[in-house]
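In what follows, a structure is listed as structure tokens, so that the remarks can point back to it.
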Amino acid sequence: MAEQYLTHRLANGLEIVGQRMRGMRSVALGFQVNSGAKDDPPGRAGLAHLSEYVLFQGTERRSDRDLTEAFDALGIDRDSHTDIEWSRLGGLMLGESLDGALELFADVVRRPAFPDEGFERMRSVVLQEIRKRQDEPARLVFELLRRTFYGDSPLGNSILGTHDSVSAITVEEAREVHRQSWAPTNSLIAVAGAFDPDQLVAAVEAHFGDWTGERPMERLTPPPPRPTVAVFPKDTQQEHIAMAFRCVPHGHPLYDAAALLVEIFGGSMNSRLFREVREQRGLVYSVGARFDPGSRAGAVLMYAGTTPERSPETVTVMLEELKKLQLHGVTEAELERAKIQLKSELVMRGESTSARMRSILTTWWHERTLRTVAEVKARIEAVTTDSIARLLEEFPPLATLTIAALGPQTEEKLVGDALARS
Amino acid sequence: MQTNSTPPPTTTTSTPAGASADFYAERLPNGLQIIAQPMPDVESVAVAFAVVTGARDEPRELMGVSHFLEHMLFKGTARRRAEDISREFNEIGADFNAFTSHEWTVYYARVLAEYLPRAVDLLGDMLRPRLDAEEFARERQVILEEIARAEDQPGHVLWDVAMRTYFGDNPLGHRVLGTTETISALRVEQMRDYHARRYVPNNIVMAVAGKFDRAQLRELAEAAAGSWTPGEAGRDARPYRPTPRVVVERRPEFQQEHIGLLFPSVSMQDEDTYAAHVLTMVLGDTTGSRLFWAVYQNGLAEHVSSSLADFDATGLVLTYASAAPAKAPAALASIRAELAALERAGVGEDELARAKMKLMSSVVMNGEASDRRMFNLATSWLSRGRLETLDEQVDRIKAVTVDDVGRVLERFPPTRDLVIVAVGPMAEAELLGT
């Protein structure tokens, strides 16, 4: 491990990973905890997400106004996010603001006030976010896809929740879920950019050292996938089509093969989906695929948006491409180009403190290791058309394919027997 | 190929005023400008060809031609077929794209330093496209899909209604994508003619930031664009003052009421540009601003923010809020009250200091990536004819005083020429509470 990397574990179990980056004046900070929408109890969808919002409504030491003004005075570009498997607080700032930021985030994480008024205000905000999501079909369709793909598993939970579930949540429940599920043993702090390692460790020790609590780092295994088609009617201009098939999780030996496969299939303007669906046939503006690896299982997600009358052809072409991929794999030339692309992106993302922070956080989170840019490059290099063929054999796309669509088109017209023919 | 709806700047052809040692600025005999800034600590380099042409330069019947043309640049040249272009970008591992705004059309790539010559060759070649009739017909379908997609994005719908309402017959009211009607009626000959008029070298800037060889830059530009013949491009850009009005478009399929408030502000050439930016943050930054406390923190909207849209010769501040119908009248009333309070009493020292800190931090942080740096360079050059280092920008922000902000408010009082638009399920009377 090159010396610019840092790992440290506090006596209470909280871990820190860091990467110092030469020539940078900024530093990116992430605080991640193993708590997310997967933990929402039945009837309380949206609890983790709403609870995270209320964290910033004030602490035992600071009112909501004091807190917001303190973050702003340090010039911190804050960024918090509740996902299915985890929640993350953090932000991007100038190096000299890091100590102050750690103190503020410690206050938020350890001493949130959960005031009644602030809770009600954030509930009102979230109820409106739920409405707004209905106005954004290209995003909504992915929520519907996930629910269809993961069925009753908590991995299919809605992050925002529904009007009814969010209306039912009480401030005590929000406080309790935070108290119960955020602990030093299931949290991780990641830092990348301009910082002094000794100072960082000292600051984390000072602000988090006497934090107590124990929660295991348990991870969810999704149920065996079953291919499904679900078409949701909505009065939109375009038919929004999303698809998913099962793939490898983080830490899997074929992880890099999967990343390259997705790049070739739908990752760029030179990908198969882009060429066949958009360039050759002009069926869409947006089409593509992305890799969505989780803790215990991953997925490849696809999307196309097209006017209803052209949607059956769009689905047919996408299914044909999946079939070709499953039967014939990828060519050497495609693989070479995809490798250049991924390696180049890797180096360029290596010039961003936020991207490096997310990268070391994710690798440590899933594999308890750190990888330099050079090490990741070597892993990409090592992928062959054979390893991609092995991946396709282990995870044949059509075997687990789930389709969710949102728009005016009927299921019969949209998909018909196209799946059966594939 | 994205369509950027928050428009970056344009034009000016002054001499290299920012002739600091950090920069490189030069002009080819045919008028093509080169601006560049080396970044010592990066391995990548970002390069763009920015053409000073966009939706505001279109005759109304050709609305959307700039953006459609941007798509066609990826469809082949005399030397390359469409698939060659994307494949070659792929072979050099480029992060590449293009965008069109009201002000300009930009083609860019970010690559590892060794590939800069290939990236410049490729982008330069693209700027002399084949404009094949068959490809044109196929790409028209893609544009029509892009228009349909925008109709499914309330933010996009609101922006279009807002610009149309605020600018009326002024070409800045044009929709960047065009309409289904203009795009369906457009002929390839019209596009060829538009290209011949607008894509002349004296209307194009090549901007570079990152790791590159200074001596090589001019050669690369010469090889790519030295043979192009200059022409008359120009633009009709003049100050604009809107007519105050309220336009509420009913879209019963939307759940939220999407509200926009627009008032005049600095143009991109204005010397008060930093004061106007800071003022906009005090008013409507996504955290800690007046609107954050009055609207978001009171649960009246799920989002509220203000942004400065500065154009050639004119500019405006757009405030956007997304509120449930039950909250929307209170949200709108609250925003109007904040605009009036700002106009009446100006800003305080503390809130000004916090806004400045946030803006300074974001300038420095954005300056670290070669692509962001390159866009920043191009923006500052094309709008104010200056090349500014990050430190110079930070100094200018630091220097903004309460009085500077007061002067901006006096020049552009928020409530005087206020335009209000909304799209969503509500009728005008419901929203305005009248």
Side-chain angles (χ1 to χ4, degrees), chain A residues 22-26 64-65 68-69 71-78 92-94 97 120-129 131-132 134-138 235-238 240 268-270 274-275 278-279 281-286 305-307 337 340-341 343-345 347-348 351-353, chain B residues 40-44 74 82-83 86-87 89-96 110-112 138-146 148-149 151-154 253-256 258 287-288 292-293 296-303 322-324 327 353-355 357-358 360-362 364-365 368-370:
Chain A
R22 201 185 306 279
M24 294 296 179
R25 287 165 73 178
S26 75
D64 56 347
R65 194 171 277 273
T68 300
E69 289 183 357
F71 275 113
D72 281 359
L74 291 170
I76 298 169
D77 184 6
R78 253 194 296 147
L92 180 63
M93 67 209 78
L94 297 181
S97 295
E120 288 305 332
R121 290 192 298 249
M122 289 304 105
R123 188 211 301 275
S124 171
V125 165
V126 172
L127 287 172
Q128 294 180 74
E129 284 186 350
R131 299 179 67 98
K132 168 89 164 286
Q134 294 293 322
D135 292 348
E136 300 173 317
D235 177 19
T236 50
Q237 293 295 311
Q238 282 192 316
H240 299 270
S268 74
M269 285 192 208
N270 196 38
F274 196 86
R275 275 205 322 266
R278 176 163 153 173
E279 297 297 283
R281 295 178 180 81
L283 290 169
V284 300
Y285 171 76
S286 286
T306 180
T307 35
R337 281 198 302 272
I340 294 171
Q341 194 74 41
K343 284 187 291 180
S344 167
E345 278 170 20
V347 174
M348 292 192 275
E351 293 172 359
S352 152
T353 54
Chain B
D41 291 302
V42 303
E43 296 299 316
S44 68
F74 290 85
E83 54 267 41
S86 50
R87 197 200 62 244
F89 273 126
N90 234 214
E91 283 170 357
I92 58 175
D95 173 14
F96 70 100
R110 185 177 178 212
V111 292
L112 301 183
R138 188 157 41 213
E139 197 62 18
R140 191 203 305 271
Q141 297 303 316
V142 174
I143 306 284
L144 292 172
E145 289 295 342
E146 193 174 354
R149 174 178 174 269
E151 290 294 314
D152 283 345
Q153 297 172 321
E253 72 273 23
F254 286 158
Q255 296 232 342
Q256 288 283 93
H258 302 272
T287 69
F292 171 82
W293 292 112
Y296 181 88
Q297 271 297 108
N298 280 322
L300 297 179
E302 59 89 26
H303 175 93
S322 144
K327 308 276 182 187
R354 284 192 301 272
M357 181 63 200
K358 282 194 280 188
M360 287 187 283
S361 297
S362 80
V364 173
M365 294 183 304
E368 289 181 343
S370 56

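Labels below follow one simple rule: chain letters A, B, ... track the order of the sequence lines, proteins then strands, and each chain is numbered from 1.
- Minimum interatomic distance between B:Q255 and A:R131 (heavy atoms only, all atoms of both residues): O-NH2, 2.8 Å.
- For A:L74, the part lying under 4.5 angstrom from a heavy atom of chain B is the backbone only.
- In terms of heavy-atom pairs under 4.5 angstrom with chain B, the leader among A:A138, A:S286, A:S97 is A:S286.
- For B:D152, there are no salt bridge (charged side-chain N to carboxylate O under 4.0 Å, His left out) partners, not counting sequence neighbours.
- For chain B, the option among A:L127, A:D235, A:T307 with the highest count of heavy-atom pairs below 4.5 Å is A:T307.
- Proximity to chain A (any heavy atom under 4.5 Å) is shown, for B:S362, by neither the backbone nor the side chain.
- For the set A:D77, A:D72, A:V347, A:V125, the count of heavy-atom pairs under 4.5 angstrom toward chain B peaks at A:D72.
- Salt bridge B:R140/B:E145: absent, no basic N to carboxylate O contact under 4.0 Å.
- Of the listed residues A:S344, A:G305, A:S268, the one with more heavy-atom pairs under 4.5 angstrom with chain B than any other is A:S344.
- Every residue meeting the side-chain hydrogen bond (donor to acceptor under 3.5 Å, both in side chains) condition with A:R123, not counting sequence neighbours, appears here in chain and number order: A:E120.
- Rounding to the nearest 0.5 Å places OG1 of A:T306 at 11.0 Å from CG of B:L144.
- If you tally non-hydrogen atom pairs under 4.5 Å between each of B:F89, B:F96, B:Y296 and chain A, the highest count goes to B:Y296.
- Neither the backbone nor the side chain of B:I143 comes within contact range of chain A, judged by heavy atoms closer than 4.5 Å.
- With chain A as partner, the option from B:D41, B:N90, B:V42 having the largest number of non-hydrogen pairs under 4.5 angstrom is B:N90.
- There is no contact between A:S352 and chain B, counting heavy-atom distances below 4.5 Å.
- Heavy-atom pairs under 4.5 Å with chain A were tallied for B:M357, B:K327, B:R354, B:Q141; the largest tally goes to B:R354.
- For B:S44 and B:S370, the side-chain atoms include at least one donor-acceptor pair closer than 3.5 Å.
- Each of B:R149, B:E151, B:E43 has some count of heavy-atom pairs under 4.5 Å with chain A, and the biggest count is that of B:R149.
- At a threshold of 4.0 Å, the pair A:R121-A:D64 counts as salt-bridged, since one of the basic side-chain nitrogens sits closer than that to a carboxylate oxygen.
- The distance from atom CZ of A:R78 to atom CG of A:L92, rounded to the nearest 0.5 Å, is 13.5 Å.
- Only the backbone of B:A94 has a heavy atom closer than 4.5 Å to any heavy atom of chain A.
- Of the atoms belonging to B:I92, it is backbone heavy atoms, and not side-chain ones, that fall under 4.5 Å from chain A.
- For the options A:R275, A:R65, A:M24, A:E129, heavy-atom pairs under 4.5 Å to chain B are most numerous at A:R65.
- Per-residue counts of heavy-atom pairs under 4.5 Å with chain A were compared for B:E302, B:Q153, B:E91; the largest is that of B:E302.
- Separating the CZ atom in A:F71 from the CE atom in A:M93 is a distance of 8.5 Å, to the nearest 0.5 Å.
- The greatest number of non-hydrogen atom pairs below 4.5 Å with chain B, out of A:Q237, A:M348, A:M122, is found for A:M348.
- The distance from atom NE2 of B:H258 to atom OG of B:S322, rounded to the nearest 0.5 Å, is 5.0 Å.
- Neither the backbone nor the side chain of A:I76 comes within contact range of chain B; no heavy atom of the residue lies under 4.5 Å from a heavy atom of that chain.
- Between atom CZ of residue B:F254 and atom CD of residue A:Q134 there is a gap of 12.5 Å, rounded to the nearest 0.5 Å.
- When the candidates B:P40, B:A353, B:A301 are compared by the number of heavy-atom contacts under 4.5 Å with chain A, B:A301 comes out ahead.
- Atom CD of residue A:Q128 and atom NE2 of residue B:H303 lie 12.5 Å apart, to the nearest 0.5 angstrom.
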